[in-house]
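Contents: one structure, followed by commentary.
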Amino acid sequence: MILNVCNFMKNFKLFIITVASVLLLISCAGDKKEKKNSSVEVEKEVVKKSSENDVYKVVVTGDDFMKFNRNKITVSVGQKIELTLKHTGKLPKAAMGHNIVILKQGTDVATFAQKAIAASENDYIPEDDTDVIVNTKMLGGGESDTITFTAPTEKGEYDFICSFPGHYAMMRGKFVVE
Ligand code: CU
């Protein structure tokens, strides 16, 4: 009788473990699906190999969920660019501020972000810093800013981030010059 109870307990344990694993698998699969749906839209546009006078217009949005809508901006060497950042959220600048900062090649993003935290009085852009190629204003919900500049003449990948404290981990991408 005791043996039977033991066996039953063993089987019951096995059963519970199996059910738990199945549930875990299902929840993991669900997570994956969700991640896929909410992942940042990857740039599909073809770069226009335009004449020097053409201005390449790019719009990037940032939201209340600490996300840019794209993680890649591709331009041609020396191209004129009109970059617009739109904050599509509702939260104020002090709580969910967003900007775009394009950094020189070789800049350590984490180190720069750390310096930026100390520059709160300058909208989180470290003053007299040589790492920044160009940056937009820091925006709150509903605001937008447009900057025009010329793409670097050196081909390669440049990092862009939002320099609001803690945002660069989520809000970052590559500015590709080809
Ligand atoms: Cu931000």
Side-chain angles (χ1 to χ4, degrees), residues 34-50 52-117 119-120 122-126 129-178:
E34 209 172 275
K35 264 183 200 149
K36 206 175 181 184
N37 285 339
S38 65
S39 73
V40 177
E41 210 177 293
V42 177
E43 180 183 76
K44 290 190 190 87
E45 320 162 26
V46 177
V47 190
K48 232 181 10 172
K49 294 282 176 198
S50 53
E52 270 187 24
N53 292 325
D54 272 352
V55 177
Y56 179 56
K57 293 181 181 179
V58 193
V59 179
V60 178
T61 63
D63 60 18
D64 282 345
F65 303 98
M66 228 197 281
K67 269 190 174 166
F68 286 135
N69 68 327
R70 55 197 291 169
N71 55 15
K72 197 175 176 190
I73 301 170
T74 309
V75 302
S76 302
V77 164
Q79 188 170 34
K80 282 181 188 156
I81 299 155
E82 188 185 292
L83 173 64
T84 300
L85 174 64
K86 281 185 185 163
H87 191 320
T88 56
K90 289 191 165 62
L91 294 170
K93 188 169 102 169
M96 186 55 72
H98 298 319
N99 65 2
I100 290 182
V101 185
I102 300 176
L103 298 167
K104 283 189 185 158
Q105 277 179 311
T107 303
D108 184 77
V109 175
T111 308
F112 176 82
Q114 204 57 42
K115 278 191 281 180
I117 292 174
S120 58
N122 195 43
D123 272 351
Y124 302 107
I125 300 294
D129 192 274
T130 54
D131 298 327
V132 178
I133 294 176
V134 73
N135 66 276
T136 70
K137 282 185 209 155
M138 186 65 75
L139 308 173
E143 295 178 330
S144 80
D145 185 37
T146 300
I147 53 172
T148 43
F149 61 100
T150 306
T153 49
E154 205 174 319
K155 288 183 185 184
E157 289 192 348
Y158 299 72
D159 288 301
F160 73 83
I161 65 162
C162 168
S163 70
F164 191 89
H167 284 201
Y168 83 96
M170 299 267 293
M171 304 186 78
R172 64 192 293 176
K174 296 286 181 194
F175 182 77
V176 182
V177 180
E178 54 184 33

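Lys72 places no side-chain N or O within donor-acceptor distance of the main-chain N or O of Val176, the cut-off being under 3.5 Å. Listed for the His87 side chain is no donor-acceptor partner under 3.5 Å among the backbone atoms of Gly97. For the pair Asp131 (side chain) and Thr107 (backbone), a donor-acceptor distance under 3.5 Å is absent.
Distance OH/Tyr124 to CD1/Ile117: 8.5 Å, rounded to 0.5 Å. Atom NZ of Lys174 sits about 12.0 Å away from atom OG1 of Thr74, to the nearest 0.5 Å. Atom OG1 of Thr61 and atom CG of Leu139 lie 11.5 Å apart (nearest 0.5 Å). Taken to the nearest 0.5 Å, the CG atom of Leu91 stands 3.5 Å off from the CG atom of Asp64. For the atom pair Phe175 CZ and Glu157 CD, the distance stands at 12.0 Å (nearest 0.5 Å). Once rounded to the nearest 0.5 Å, the distance linking CD of Gln79 with CZ of Phe149 reads 10.0 Å.
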**OP:** Apply side chain to side chain contact (heavy atoms under 4.5 Å, CB included) to Ile100 and Ile147, showing your working.
**Re:** CA-CA 10 Å; Ile100 290 182; Ile147 53 172; over 6 Å; no

Subject >> Stepwise side chain to side chain contact (heavy atoms under 4.5 Å, CB included) check, Glu82 with Thr146 >> reply: CA-CA 7 Å; Glu82 188 185 292; Thr146 300; 3.4 Å; yes

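Of all the heavy atoms in Ser144 and Lys86, the pair that sits closest is CB-CG, 3.7 Å. Between Ala151 and Ser76, the shortest heavy-atom distance links the atoms CB-O, 3.5 Å. Closest approach of Ala94 and Phe164 over heavy atoms only: O-CZ, 3.3 Å. Nearest heavy atoms, Val177 versus Pro152: CG1-O, 3.6 Å.
Side chains of Met138 and Ile125 form no contact here, defined as non-hydrogen atoms less than 4.5 Å apart. Counting only heavy atoms from C-beta outward, the side chains of His167 and Met96 approach each other to under 4.5 Å. In this structure the side chain of Ile81 never reaches within 4.5 angstrom of the side chain of Ile73, judged on heavy atoms. Side-chain contact check for Thr148 versus Lys80: every heavy-atom pair is 4.5 Å or farther apart.
For Lys155, the NZ atom counts as loosely surrounded, since its 6.0 Å shell holds 12 or fewer non-hydrogen atoms of other residues, nucleotides or ligands. Within a 6.0 Å sphere centred on CD of Gln105, heavy atoms belonging to other residues, nucleotides or ligands number more than 12.
By the ring-ring contact (aromatic ring centres under 6.0 Å, His included) test, Phe112 is found to be paired with no residue, residues two or more places apart in sequence or in another chain being considered. Residues passing the ring-ring contact (aromatic ring centres under 6.0 Å, His included) test with Phe160 are Phe68, sequence neighbours excluded.
Side-chain N/O atoms of Ser163 and Asn99 include a donor and acceptor closer than 3.5 Å.
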